[in-house]
Number of protein chains: 2
Amino acid sequence: MPIELLRQCRYFAGLSAATLDDAAACAQHRRVPDGEFFFHQGDEARHFYILATGHARLSQITPEGRQVILGLAGPRHEIGIIAAIEGAIYPLDLQAVQACAALTWDRAALGTLLEAHPLLALRALRMVSTRFVELQDRYRELATERVERRIARALLRLVVQIGRPEATGVTVAAPLARQDLAEMTGTTLFTVSRILSAWEAQGIISTGRERVTLCDAPRLTRIAEDLPEG
Amino acid sequence: MPIELLRQCRYFAGLSAATLDDAAACAQHRRVPDGEFFFHQGDEARHFYILATGHARLSQITPEGRQVILGLAGPRHEIGIIAAIEGAIYPLDLQAVQACAALTWDRAALGTLLEAHPLLALRALRMVSTRFVELQDRYRELATERVERRIARALLRLVVQIGRPEATGVTVAAPLARQDLAEMTGTTLFTVSRILSAWEAQGIISTGRERVTLCDAPRLTRIAEDLPEG
DNA sequence: CGGCTTTTTGAGGTTTGTCAAGCATGGTGG
DNA sequence: CCACCATGCTTGACAAACCTCAAAAAGCCG
């Protein structure tokens, strides 16, 4: 079963059976109940995780106590490869927003794996680089776009990343409060509420308590990209 | 001479003489005149650079043509390790803001080096991770801080990174227009101008055309961190 | 000096944040 | 099953931060 998960995640995808076997052999299982933290910002980075079930929030806290959500992770997502680096510390919090199960490797296991399979080091580099580019794009977005478009893009990302298809549209499969969306887009829960209400009135989305369902993706994409109304 | 530069930059610092020799052996030299581009966003990433002299701007362009500056690079800075990854493309522009000289490695040389010295792959991972964390902190800053504090922090970073000590303070050693600071902090040149004028009136900085000198670093730090006036 | 770019400053408008009050929702325990 | 409660959500009024645009001043270079 772990092997299947490895095969499906990007980090191990397409690697040799030997590599997967080695990786699975030294993996451990960990369960984290809803609301609990996998780790905190500032902790020494001892473990690399691959989520099997549940969703978790990647966030930072400002010195003033304000939270910034950098993303949500779901099944098959890799988190904390920084643990491969000696002396590294986690740069953010990872908190379960649902009960989660994950595979995990400690530094020793990771070190052995990377030595035995040098390709894994390049994969790690590629993974971090990819994340870096994504973050860079979001930095640009935050620096140049208005709130409505930022929320539109955040929602589209969430739907792609952790969406669950339903009769009326695609629902974000993790609990998602207005406050969460605000902390993802650098705005306030009030502004998010106003914008979601407006979209709901136009039939673009349907919402509920901690729930957002995207009904008209093309329309939201037009808002996100500022294309002409079709 | 190249070896000396390698020894001083973070990526190669502390590595064995054999590694440095190998790296120097396959390095090439490149000069880039003021205003020209090392590479463009979207180009296939073929080269890794270490700047020897001059300063260069890391920037992105939005689809609407608005520029966002992600940082300035100076001597000893490493840029484009992403070239180690097959098929990667540069995620940003690198443009000389002064005449620059750099050491550069192409993908083939980089591949050979990384294979011969596996530590270099982990170093690369560490470097990208460090940059990632820095970017993440700036993302948080942009999401939560007001303009004045963002400009204060940007200026403090520039002074640390590429500052040149002078009689009256520390000057940012690259040409730095109000527009540049605006594009670094997600605001407009008008707002930057107003804020710099206010700081100059208080004796915190002194400015000129495309020049900023920090005179009272503790005071600017208090603005950046929102500490009480001392 | 003359022409170019950069910078300053002002006036006015828009977006967005702040705060207060009340409403909806979903779970819980009687 | 229903009342209750905690939590999340909505909406309004207002204020503040910031942007936009215009015009003119200042600095630099030939």
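Just so we're clear, the structure is a prediction, and the values are computed from it rather than from any experiment. Just so we're on the same page: letters track the sequence lines, and every chain starts at 1.
A:Tyr139 and B:Tyr139 have their aromatic ring centers separated by at least 6.0 angstrom.
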Polar-atom pairs under 3.5 Å, protein N or O versus N or O of nucleotides 24-30 of chain D: list them with distances, or write none.
unit_1 : atom_1 : unit_2   : atom_2 : d
D:dG27 : N3     : B:Arg209 : NH1    : 3.2

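Contacts of residues 178-187 of chain B with DNA chain D (heavy atom under 4.0 Å): B:Gly186, B:Thr187. Residues from residues 189-196 of chain B with heavy atoms under 4.0 angstrom of DNA chain C, sorted by number: B:Leu189, B:Phe190, B:Ser193, B:Arg194.
Counting only distance, with no hydrogens or angles, the side chain of B:Gln41 and the backbone of B:Ile61 share a donor-acceptor pair below 3.5 Å. Remark: side-chain polar atoms of A:Arg211 are paired, donor with acceptor, to backbone N or O of A:Thr207 under 3.5 angstrom.
Under the side chain to side chain contact (heavy atoms under 4.5 Å, CB included) criterion, A:Asp34 pairs with no residue, sequence neighbours left out. With sequence neighbours left out, B:Arg209 forms a side chain to side chain contact (heavy atoms under 4.5 Å, CB included) with no residue at all. Residues passing the side chain to side chain contact (heavy atoms under 4.5 Å, CB included) test with A:Arg164 are A:Glu166, A:Thr171, A:Ala173, sequence neighbours excluded. Residues satisfying the ring-ring contact (aromatic ring centres under 6.0 Å, His included) criterion with B:Phe12, sequence neighbours excluded, are B:Trp105. The side chain to side chain contact (heavy atoms under 4.5 Å, CB included) check on B:Ala217 picks up B:Leu214, with sequence neighbours excluded.
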Cut-off 3.5 Å, no hydrogens considered: what does the side-chain donor-acceptor table look like for residues 48-57 of chain A, sequence neighbours left out?
unit_1  : atom_1 : unit_2   : atom_2 : d
A:Tyr49 : OH     : A:Arg30  : NH1    : 2.6
A:Thr53 : OG1    : A:Ala101 : N      : 3.4
A:His55 : ND1    : A:Gln98  : OE1    : 2.9
A:Arg57 : NH1    : A:Asp180 : OD1    : 2.9
A:Arg57 : NH2    : A:Gln95  : OE1    : 3.3

Would you list the atom pairs, donor with acceptor, under 3.5 Å between side chains in residues 64-75 of chain B and any protein atom, with sequence neighbours excluded?
unit_1  : atom_1 : unit_2   : atom_2 : d
B:Gln67 : OE1    : B:Ser59  : OG     : 3.2
B:Gln67 : NE2    : B:Glu183 : OE1    : 2.7

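With contacts defined as side-chain heavy-atom distances shorter than 4.5 Å, the pair A:Thr185/A:Leu142 does not qualify.
For the residue pair B:Arg219 and B:Thr221, no side-chain donor N or O sits within less than 3.5 Å of a side-chain acceptor on the partner.
From one end of the helix from C:dC1-D:dG30 to C:dG30-D:dC1 to the other, with five pairs defining each end axis, the axis direction shifts by 40° (rounded to 10°).
As a whole-Å value, the separation of A:Arg211 CZ from D:dT7 C1' is 17 Å. Here the P atom of nucleotide D:dA17 and the CZ atom of A:Arg146 are 18 Å apart, to the nearest Å. Atom P of nucleotide D:dA16 and atom CZ of B:Arg149 are separated by 18 Å, given to the nearest angstrom.
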Problem set entry | Steps toward salt bridge (Lys or Arg N to Asp or Glu O under 4.0 Å) verdict (B:Glu44, B:Arg46) | CA-CA 6 Å; B:Glu44 191 191 342; B:Arg46 296 175 183 280; 3.0 Å; yes
Problem set entry | Pair A:Glu78-A:Arg131, salt bridge (Lys or Arg N to Asp or Glu O under 4.0 Å): steps then yes or no | CA-CA 11 Å; A:Glu78 309 90 343; A:Arg131 302 266 173 88; 3.4 Å; yes
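Scanning DNA chain C 5' to 3' for nucleotides with an atom closer than 4.0 angstrom to a non-hydrogen atom of chain B gives a first and last hit of C:dT5 to C:dT18.
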